[in-house]
Amino acid sequence: AVWVSEIMLQQTQVATVIDYYNRWMQKWPTLQALAQASLEEVNELWAGLGYYSRGKRLQEAARKVVSELAGQMPRTAEDLQKLLPGVGRYTAGAIASISYGQATGVVDGNVIRVLCRLRCIGADSSSLAVIERLWDMANALVDRSRPGDFNQALMELGATVCVPKAPLCGECPVKQHCRARRRKLFGKPAPVPDVEDCGVGSCPLCPPAAEPWDSSLGVTNFPRKAAKKQPRAARTATCVLERRGCHGAPEYLIVQRPSSGLLAGLWEFPSLPLAQGLQEEKQREVLADHLRAWTGRPVVAGGLRFIGEVVHIFSHIHQTYVVYSLPLDGDVTLDPALSPSRWVTEKEFHASAVSTAMKKVL
Ligand code: SF4
């Protein structure tokens with residue numbers, strides 16, 4: 001349960017996760033049950049939660065525990081990280097401390113913020129030097145008798161008190177230890193306590209000389225982050241092919257994406273990445289060609305109805321779907337040589353392993 005929740009909570013808000021977590025635990029309450037699930041079932045339950053490789057790896061890891069590790073979960077952070085697909089340093093530390101009581105720290109976004117403020121660490125908090133130092137600190141600080149509670153408390157402190165924009169320093173239980181707060185109150189750096197803590201010259205933990213303390217920011221001077229990379233812009237033409245089903249209700253053609261890469265194994269309307277700057281007329285032509293392959297019949301570019309554009313932000317891609325629709329008469333024989341495809345009603349569509357972006361498209 002701890003493992004599932006930790007994986008679901010990566011990059012995802014608690015409020016979003018709760019329903020997925022409850023359904024998942026009800027469906028697969030044990031590792032054995034999860035090991036027997038199909039990837040399709042996993043993707044269906046995960047649909048809408050994003051970062052789909054997480055579900056896939058969770059299931060691969062469950063299979064590994066059952067088939068290669070005699071059903072026994074590894075019990076230390078080192079083994080968890082080494083042996084289980086999808087379990088990184090943070091998740092390994094969280095599972096080992098919360099589930100198995102190992103006195104090992106965790107460093108997540110909340111912990112980075114709290115520790116950088118506590119110790120006035122102003123260098124880029126995503127740099128290797130800072131991250132390694134934060135792990136050392138987390139491992140040194142963790143309560144030996146209640147490591148799971150301590151780690152959760154530290155993360156909760158970051159989530160509720162030492163929040164990014166307006167931290168509640170007056171109510172903070174560790175305020176007397178906080179160097180950022182001391183600096184804000186007394187307007188000067190804390191006395192240098194130790195050469196090792198605050199090296200002279202090119203300290204890899206101090207703010208760069210070009211960006212000194214900004215008094216208008218107070219404690220939120222920390223942590224510092226390198227400028228975020230702008231997401232890459234991409235355009236994809238997608239077509240909702242529609243036919244009348246047996247009871248006259250509309251049905252839509254969905255096709256399966258490749259088993260690796262972005263949205264691996266998920267279902268979508270037939271789609272085609274578009275080259276930058278392609279004219280509308282040309283877009284229709286390439287899409288019509290693509291649809292011809294799916295439907296096995298000629299598709300006239302002029303018959304495609306332009307519906308509009310849907311923008312969806314993936315972590316690193318600013319994706320614009322250029323949406324067309326095309327009603328089809330009569331039966332359509334799908335070519336089995338292509339990726340799997342099927343016709344679905346609207347209800348079936350929503351129960352399928354489709355991404356949030358495709359739901360917006362529909
Ligand atoms: Fe964060 Fe303020 Fe507490 Fe320091 S005193 S840890 S800045 S909430």
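Note that the structure is a prediction, hence the values are computed from the model and not measured. One-based numbering, in listed order, for ligands and for the atoms of each.
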For Val219, the atoms of ligand 1 under 4.0 Å from one of its heavy atoms are 7 (S)
Side-chain donor-acceptor pair present, His312, Lys360, cut-off under 3.5 Å: yes
Please determine whether a side-chain nitrogen of the Lys or Arg among Asp19 and Arg23 lies less than 4.0 Å from a carboxylate oxygen of the Asp or Glu. yes
Atom 2 (Fe) of ligand 1 has as its nearest protein heavy atom Cys169 SG, 2.4 Å
Is the shortest side-chain N to carboxylate O distance from Glu78 to Lys82 below 4.0 Å? no
Donor-acceptor pair, Arg54 side chain versus Leu49 backbone, under 3.5 Å? yes
Nearest non-hydrogen protein atom, atom 4 (Fe) of ligand 1: Cys178 SG, 2.3 Å
Closer than 3.5 angstrom, by distance alone: can the side chain of Ser97 be matched with the main-chain N or O of Ala94 as a donor-acceptor pair? yes
What residue and heavy atom of the protein are closest to atom 3 (Fe) of ligand 1, and at what distance? Cys172 SG, 2.4 Å
Do Glu268 and Thr238 meet the criterion of a side-chain donor-acceptor pair at a distance under 3.5 Å? no
In terms of residue, atom name and distance, what is the protein heavy atom nearest to atom 5 (S) of ligand 1? Arg181 CD, 3.6 Å
Numbering as shown, the atoms of ligand 1 that approach Arg117 to under 4.0 Å (heavy-atom distance): 7 (S)
I'd like the name of whichever of Pro173, Ala166, Cys162 reaches closest to atom 8 (S) of ligand 1 through any heavy atom. Cys162
